[in-house]
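Since the structure comes first, as structure tokens, the remarks are kept for the end.
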Number of protein chains: 2
Amino acid sequence: MRITEDYLKSIIDSTLLKPSAIPKDVELLCDEAVMIGFGAVCIRPDDVNYSSMLLHGTDVAVCTVVGFPWGIQKIKSKINEAYDAVCDGATEIDMVLNRAYLKSQDYSMLETEIKSVTNNAKNCVHAKDDVIVKVILETDKLTDDEIIEACKISEQAGADFVKTSTGAYGGATEHHVKLMKQSCNLEVKASGGIRDWDDAYKMIMAGATRLGTSGGANILKTYHNAIRLGSYVI
Amino acid sequence: MRITEDYLKSIIDSTLLKPSAIPKDVELLCDEAVMIGFGAVCIRPDDVNYSSMLLHGTDVAVCTVVGFPWGIQKIKSKINEAYDAVCDGATEIDMVLNRAYLKSQDYSMLETEIKSVTNNAKNCVHAKDDVIVKVILETDKLTDDEIIEACKISEQAGADFVKTSTGAYGGATEHHVKLMKQSCNLEVKASGGIRDWDDAYKMIMAGATRLGTSGGANILKTYHNAIRLGSYVI
């Protein structure tokens with residue numbers, strides 16, 4: 001598989017979720033995403049309205065997070081948060097699953113949670129476009145068996161992607177991406193600690209078809225360096 | 001000021017917020033709180049209903065968190081989360097402020113946020129009792145000037161307490177508790193890193209009238225040790 005520049009750009013969710021970011025940071029993120037041509041920005045729920053306005057008429061999708069970063073909210077809160085995000089212009093929802101359900105093997109509740117959020121987001125009458133739902137597992141805090149179970153349940157519940165991490169803890173590993181890819185028929189978003197082309201390449205080779213990163217520009221830069229230096233040939 | 005055992009117990013919010021905790025952990029927390037006589041348990045939003053049931057008829061208050069731990073949700077989401085928590089039986093709401101508003105000096109939005117959550121929680125017709133609202137600043141991520149501003153705005157907005165930390169980062173410091181106490185006429189809840197009597201004593205001396213901790217039992221044990229050994233005399 002040869003990774004072209006266009007493909008690489010298209011699978012990057014350029015991410016800014018830290019609580020201290022101010023509106024100017026959001027503007028810079030959106031401007032950069034348009035300039036470079038990233039597939040999406042992934043921003044805080046409270047920034048969705050503003051980012052949607054900034055990105056109106058461009059090809060950059062607006063992605064946001066639900067129950068972020070701990071996933072400890074009630075199902076009802078997550079449903080409302082996702083629905084409101086879609087109303088505000090988001091077309092991609094990265095929800096954090098309730099880890100307590102997974103750890104206590106309450107798989108029925110976990111499926112109910114993911115299904116409820118997914119259905120409400122996808123069926124929002126104000127959606128700008130088809131809504132994509134990704135389920136954040138926080139793989140660093142799970143056993144392999146729990147990861148496999150979470151992937152299967154996410155698929156049953158109608159999600160589109162499983163995503164490795166919030167970035168608040170350890171990030172994506174090749175092992176986890178491969179495991180997730182093997183466990184279900186969903187796409188895999190790798191996130192957390194992906195800072196340059198080497199990291200991105202490993203994740204893509206492991207099976208990731210989306211990368212969540214705050215280092216999108218650097219990934220592109222180091223990709224170009226690799227091609228220039230002949231260490232990567234397309 | 002002599003700190004009696006009864007007072008010490010009464011100001012402890014025995015806390016369990018980690019995403020991996022299972023229902024059995026919540027049960028143990030509530031049982032212990034009743035047995036020891038803590039003032040409150042502080043549990044995840046998704047556990048409020050169950051904890052309220054477990055603690056029905058006891059003197060232990062149910063506290064939960066809103067926008068936890070990053071505070072990046074829309075105001076609307078925080079209002080709904082707080083309102084639902086009160087409906088579920090919580091009488092204390094620890095809300096994480098939107099740090100972006102503070103960092104960008106959008107004080108009007110910050111006041112609107114805190115006031116909206118506070119008013120909606122306090123005026124919920126399903127409230128079991130008077131509702132107490134605490135505003136979590138995450139002092140470790142703020143300058144002294146930002147802490148002072150956040151305290152003043154919290155007071156103007158009608159909150160009851162300012163609270164140092166989520167516990168996800170650095171915890172409470174004596175400096176921050178004193179600064180918060182001096183900056184407003186609200187009570188101060190110290191939280192994060194309070195594990196024994198020495199920690200608790202320092203926070204109380206600095207001005208804290210509430211302690212958020214997962215080490216409540218150990219604080220009591222080490223308090224008794226200190227009295228037994230004569231290092232603390234009541």
Using a cut-off of under 4.5 Å for heavy-atom pairs, which of B:R99, B:R44, B:K18 has the most such pairs with chain A?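 Maximum pair count with chain A is reached by B:R99.
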So which residue, B:V48, B:N80, B:V26, B:D88, ends up with the most heavy-atom pairs under 4.5 Å with chain A?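 Looking at each of B:V48, B:N80, B:V26, B:D88 in turn, B:D88 comes out on top.
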Determine which residues belonging to residues 147-174 of chain A lie within contact range of chain B, meaning some heavy atom pair is under 4.5 Å apart, and list them by number or answer 'none'. A:A168
Counting a contact as any heavy-atom pair under 4.5 Å apart, which residues of residues 62-79 of chain A contact chain B?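 So far as heavy atoms go, A:V65, A:F68, A:P69, A:W70, A:I72, A:Q73, A:K74, A:I75, A:K76, A:S77 are the residues that approach chain B to under 4.5 Å.
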For A:D59, does the CG atom sit with more than 12 other heavy atoms under 6.0 Å from it, leaving out its own atoms?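 Open.
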Can you confirm whether B:H175 is buried at NE2, in the sense that more than 12 heavy atoms of other residues, nucleotides or ligands lie under 6.0 Å from that atom? yes
With a 4.5 angstrom heavy-atom cut-off, which part of A:D106 approaches chain B: side chain, backbone, both or neither?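 Neither part, no heavy atoms under 4.5 Å.
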Interface moiety of A:D47 toward chain B, non-hydrogen atoms closer than 4.5 Å: neither
With only heavy atoms counted, which part of B:D25 is less than 4.5 Å from chain A, the side chain, the backbone, both or neither? neither
Largest heavy-atom contact set with chain B, pairs under 4.5 Å, which of A:S20, A:A21, A:A85, A:P23: A:S20
